Enquirer: 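To start, I am sharing the structure in question, which I have written as structure tokens.
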Amino acid sequence: MPKVISIHSYRGGTGKSNFTANLATTVALQGNRVGVVDTDVPSPGIHNLFGLEAEHTDKTLNNYLWGESAIEDTAYDVSDNVGITDGKLYLVPSSFKADDIARILKDGYDVKLMNDGFRRLVKTLQLDYLFIDTHPGLSKETFLSIAISHVLILILRPDKQDYQGTAVTVDVARQLKVRRMLLTINKAYQKLNFDALKQKVEETYNEKVAGIFPLSEDIVQLASEGVFCMRYPEHEISQEFRKVAQEIMEG
């Protein structure tokens, strides 16, 4: 049965898109058919990680939401861009044109269309996994993604504002009866005791921490020019992504 996984954070700057790209790629490397939808329409960016250039993108999620194209026509096969040979990786990008972003912020869109689009995408592309890269914070769009997900992954940094925001998000997710919730800690300082941090976060939210990712200059230096786990497959961060991927695939 296909799985829908939402990747969310209460605040921006948590590395959510980078996390989504690496996790989706790691799952696709296991021979799976994987889709990624960038629903962060106000500030899209995950297309950069997958090497999808503007001149090769004539249709986007925006066109589907405006009734101008079918959802499957906005999906781009980025498997070759990333270097995947056994599985398949598709991306539905949001438009990165300033006029399109302004239009969708001004006029909005029918949230139900997003739900319908997710279902059709899974069916037409015969996906094993669909990853939703959400917009930070809480909105009706976020509530939809959370509600239809088989797995909700919440990303937080070891930061007081993130802790407080995550508490609100966890509460909302429980009210929406999310089927499964996992926490991941990103940009953790190397000097922290990761075991103690994991225990503290699990006790605070009463949810499982699937992975802890250290603050890494290597990721900063890559500067969104590709998917990190493909460039550095033996790096400790890539190994942590494999651990989280296994948690999703086996759960």
Side-chain angles (χ1 to χ4, degrees), residues 5-30 34-54 57 61 76 78-79 81-84 87 89-94 96 129-137 142 145 149 151-159 161-162 165-166 169 182-190 194 209-248:
I5 298 108
S6 285
I7 315 290
H8 187 64
S9 62
Y10 183 78
R11 297 172 68 212
T14 57
K16 179 173 54 59
S17 293
N18 215 312
F19 182 94
T20 304
N22 277 276
L23 186 59
T25 299
T26 302
V27 172
L29 282 169
Q30 304 302 311
V34 176
V36 178
V37 182
D38 186 358
T39 67
D40 191 358
V41 288
S43 50
I46 200 169
H47 56 276
N48 290 310
L49 297 157
F50 290 128
L52 191 61
E53 304 296 338
T57 313
L61 179 65
Y76 297 83
V78 293
S79 308
N81 297 16
V82 177
I84 292 171
L89 185 59
Y90 298 92
L91 172 66
V92 175
S94 282
F96 26 102
Y129 297 89
L130 177 65
F131 287 83
I132 303 170
D133 184 17
T134 67
H135 180 61
T142 304
S145 297
S149 298
V151 183
L152 170 64
I153 299 179
L154 295 178
I155 303 175
L156 66 151
R157 293 162 297 189
D159 172 274
Q161 290 185 58
D162 276 24
T166 300
T169 311
L182 295 171
L183 303 174
T184 56
I185 303 166
N186 200 21
K187 302 184 180 181
Y189 291 111
Q190 295 277 5
F194 283 14
V209 171
I212 301 180
F213 296 82
L215 187 64
S216 170
E217 285 190 10
D218 295 330
I219 285 185
V220 175
Q221 288 172 358
L222 187 57
S224 299
E225 294 282 346
V227 179
F228 186 85
C229 68
M230 296 300 287
R231 298 288 185 93
Y232 305 98
E234 300 310 314
H235 197 283
E236 61 177 334
I237 286 177
S238 301
Q239 293 176 29
E240 196 73 0
F241 275 117
R242 287 197 286 274
K243 190 174 107 179
V244 177
Q246 207 64 31
E247 182 76 34
I248 291 169

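Keep in mind the model is a prediction, meaning the values are calculated, not measured. This chain uses plain numbering: 1 for the first residue, then up along the sequence.
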Enquirer: Please enumerate all residues that pass side chain to side chain donor-acceptor pair (under 3.5 Å) together with S79, with sequence neighbours excluded.
Expert: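 Scan of S79 (side chain to side chain donor-acceptor pair (under 3.5 Å), adjacent residues dropped) gives D77.
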
Enquirer: Without swapping roles, check the side chain of H47 against the backbone of V92 for a donor-acceptor pair under 3.5 Å.
Expert: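 Not a single qualifying donor-acceptor pair exists.
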
Enquirer: With no hydrogens and no angle check, do the side chains of S145 and S6 hold a donor and an acceptor under 3.5 Å apart?
Expert: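 Distance-only check fails for S145 and S6.
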
Enquirer: Should F213 and V244 count as side-chain neighbours, where that means a heavy-atom distance under 4.5 Å?
Expert: yes

Enquirer: Under the rule for salt bridge (Lys or Arg N to Asp or Glu O under 4.0 Å), what residues qualify as partners of D38, not counting sequence neighbours?
Expert: none

Enquirer: Keeping to residues at least two apart or across chains, list the salt bridge (Lys or Arg N to Asp or Glu O under 4.0 Å) pairs with something in residues 221-231.
Expert: none

Enquirer: Can you name the side chain to side chain contact (heavy atoms under 4.5 Å, CB included) partners of P42, sequence neighbours left out?
Expert: D40, L105, H135

Enquirer: Would you please name every residue forming a side chain to side chain contact (heavy atoms under 4.5 Å, CB included) with E217, sequence neighbours left out?
Expert: Q221

Enquirer: Just by distance, do the side chain of S238 and the backbone of Y232 share a donor-acceptor pair under 3.5 Å?
Expert: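 Yes: the side chain of S238 pairs with the backbone of Y232.
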
Enquirer: May I ask you to test the L29-M230 pair for a side-chain heavy-atom distance under 4.5 Å?
Expert: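 In contact.
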
Enquirer: For residues 15-24, which residue pairs pass the salt bridge (Lys or Arg N to Asp or Glu O under 4.0 Å) check, not counting sequence neighbours?
Expert: K16-D133

Enquirer: Between R157 (side chain) and G13 (backbone), is there a donor-acceptor pair under 3.5 Å?
Expert: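 Yes, R157 side chain to G13 backbone: donor-acceptor pair under 3.5 Å.
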
Enquirer: State whether the side chain of D162 and the backbone N or O of L156 hold a donor-acceptor pair below 3.5 Å, judged by distance alone.
Expert: no

Enquirer: What's the shortest heavy-atom distance between G137 and T142, and which atoms?
Expert: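 The pair with the smallest heavy-atom distance is O-OG1, 3.5 Å.
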
Enquirer: Would you say I219 and L222 make side-chain contact, with heavy atoms under 4.5 Å?
Expert: no

Enquirer: Please enumerate all residues that pass side chain to side chain donor-acceptor pair (under 3.5 Å) together with Y10, with sequence neighbours excluded.
Expert: none

Enquirer: Measure the shortest side-chain to side-chain distance between N18 and N186 over non-hydrogen atoms and say whether it is less than 4.5 angstrom.
Expert: no

Enquirer: Return the set of residues passing salt bridge (Lys or Arg N to Asp or Glu O under 4.0 Å) with D159 (not counting sequence neighbours), or none when no residue passes.
Expert: R11

Enquirer: Could you go through the ring-ring contact (aromatic ring centres under 6.0 Å, His included) check for F228 and F241 one step at a time?
Expert: CA-CA 10 Å; F228 186 85; F241 275 117; 8.0 Å; no

Enquirer: In chain order, what residues pass the side chain to side chain donor-acceptor pair (under 3.5 Å) check against T166, with sequence neighbours excluded?
Expert: none

Enquirer: Please name all residues satisfying side chain to side chain contact (heavy atoms under 4.5 Å, CB included) with F194, sequence neighbours left out, ordered by chain then number.
Expert: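 Result, side chain to side chain contact (heavy atoms under 4.5 Å, CB included) vs F194: A188, L192, I212, P214.
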
Enquirer: Who pairs with E240 by salt bridge (Lys or Arg N to Asp or Glu O under 4.0 Å), at least two apart in sequence or on another chain?
Expert: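 Result, salt bridge (Lys or Arg N to Asp or Glu O under 4.0 Å) vs E240: K243.
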
Enquirer: Are I248 and I153 close enough that some pair of their side-chain heavy atoms sits under 4.5 Å apart?
Expert: yes

Enquirer: Holding to side chain to side chain contact (heavy atoms under 4.5 Å, CB included), I want the full list of residues that pass it with T57, two or more places apart in sequence or in another chain.
Expert: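 Partners of T57 under the side chain to side chain contact (heavy atoms under 4.5 Å, CB included) test: L52, T60, Y76, P93, F96.
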
Enquirer: Does the side chain of T14 come within less than 4.5 Å of P136's, by heavy atoms?
Expert: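 No, their side chains stay 4.5 Å or more apart.
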
